[in-house]
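First up is the structure itself, then whatever we jot down about it.
Just the heavy atoms: all of them, side chains too, but no hydrogens, waters or symmetry mates, feed the values below. Every number for a ligand or one of its atoms is a count from 1 in the order of the listing.
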Amino acid sequence: MSDNCIFCRIIEGTIPSKKVYEDDDILSFEDIHPAAPVHVLVVPKKHIESLEAVNPDNVDYVAKAHLAIQKVAKAKQINTGGYRVIVNCGKDGGQTVPHLHYHVLGGTVFTEKII
Ligand code: AMP
Ligand code: ZN
């Protein structure tokens, strides 16, 4: 838990969110500024600043986030058609909220390719 972290506030419930999926370790909620018809954030309940802060002690949250992504995709009915997952890491990666999160994007066909 980090006092001035917006996602920690959402996890503790003091900032509202539109929940999509939750378990003991992961919270998933609608992005407030959707970039696609489906845009859901998958967030570890432990405050991990970014992918760069993943280590052997907290890496289980990464596996749990991946399983949660599948649950979100099914709940949003994009699991069969497919979807895109993005993790921005650090300033140059475009990360604006310093709490590790996965963007799950879908409900459209992504034709634009970065890689
Ligand atoms: P990033 O830029 O990769 O760090 O992603 C942060 C994401 O959090 C952005 O897509 C924002 O729209 C989203 N976001 C910020 N505040 C909230 C909030 N209170 N509820 C839901 N999503 C939020
Ligand atoms: Zn946090």
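Here His101 and His103 bring their ring centres to under 6.0 angstrom of each other. Aromatic rings of Phe7 and His47 (six-membered ring for Trp) have centroids beyond the 6.0 Å cut-off, not under it.
Annotation: angle subtended at the Zn ion (ligand 2) by His99 ND1 and Cys5 SG is 110°, to 10°. An angle of 110° is found at the Zn ion (ligand 2) between Cys8 atom SG and His47 atom ND1, rounded to 10°.
Taking CG from Leu105 and CZ from Arg84, the interatomic distance works out to 8.0 Å, rounded to the nearest 0.5 Å.
Within ligand 1, the atoms closer than 4.0 Å to a non-hydrogen atom of His33 are 12 (O), numbered from 1 in the order shown. The Glu30 neighbourhood of ligand 1 comprises atoms 21 (C), with distances under 4.0 Å to a heavy atom of that residue. Proximity to Gln95 (heavy-atom distance under 4.0 Å) selects the following atoms of ligand 1: 4 (O). Heavy-atom contacts of Gly94 reach the following atoms of ligand 1: 2 (O) (cutoff under 4.0 Å).
Note: no N/O pair closer than 3.5 Å links Ile15 and ligand 1 by distance alone. Of the N or O atoms in His103, one or more lie within a sub-3.5 Å distance of an N or O in ligand 1. At least one N or O atom of Ile32, backbone or side chain, sits closer than 3.5 Å to an N or O atom of ligand 1. Residue His101 has at least one nitrogen or oxygen atom sitting less than 3.5 Å from a nitrogen or oxygen atom of ligand 1, judged on distance alone.
Compare Ile6, Thr96, Leu100 by their heavy atoms: the one nearest to atom 4 (O) of ligand 1 is in Thr96. Looking at Asp31, Val40, Val43, it is Asp31 that brings a heavy atom closest to atom 7 (C) of ligand 1.
Checked by atom type and distance alone, the side chain of Asn55 pairs as donor or acceptor with a backbone atom of Asn58 at under 3.5 Å. The main-chain N or O of Thr14 is never found under 3.5 Å from a side-chain atom of Glu12 such that the two would form a donor-acceptor pair.
Looking at Tyr102 against ligand 1, nothing comes within 4.0 Å, counting heavy atoms.
With Lys64 as the fixed residue, the salt bridge (Lys or Arg N to Asp or Glu O under 4.0 Å) test singles out one of Asp24, Asp23, Asp25: Asp25.
Annotation: Lys45, atom NZ; neighbour count of heavy atoms from other residues, nucleotides and ligands within 6.0 Å is above 12.
Side-chain contact between Tyr61 and Leu100 is absent, with no heavy atoms from C-beta onward closer than 4.5 Å. Here the side chains of Glu30 and Lys76 are in contact, with some heavy-atom distance below 4.5 Å.
Using a 4.0 Å cutoff on heavy atoms, Ile10 counts as a contact of ligand 1.
Nearest protein heavy-atom contact of atom 8 (O) of ligand 1 is Phe7 CZ, 3.5 Å.
Side-chain N/O atoms of Glu52 and Ser50 include no donor and acceptor closer than 3.5 Å.
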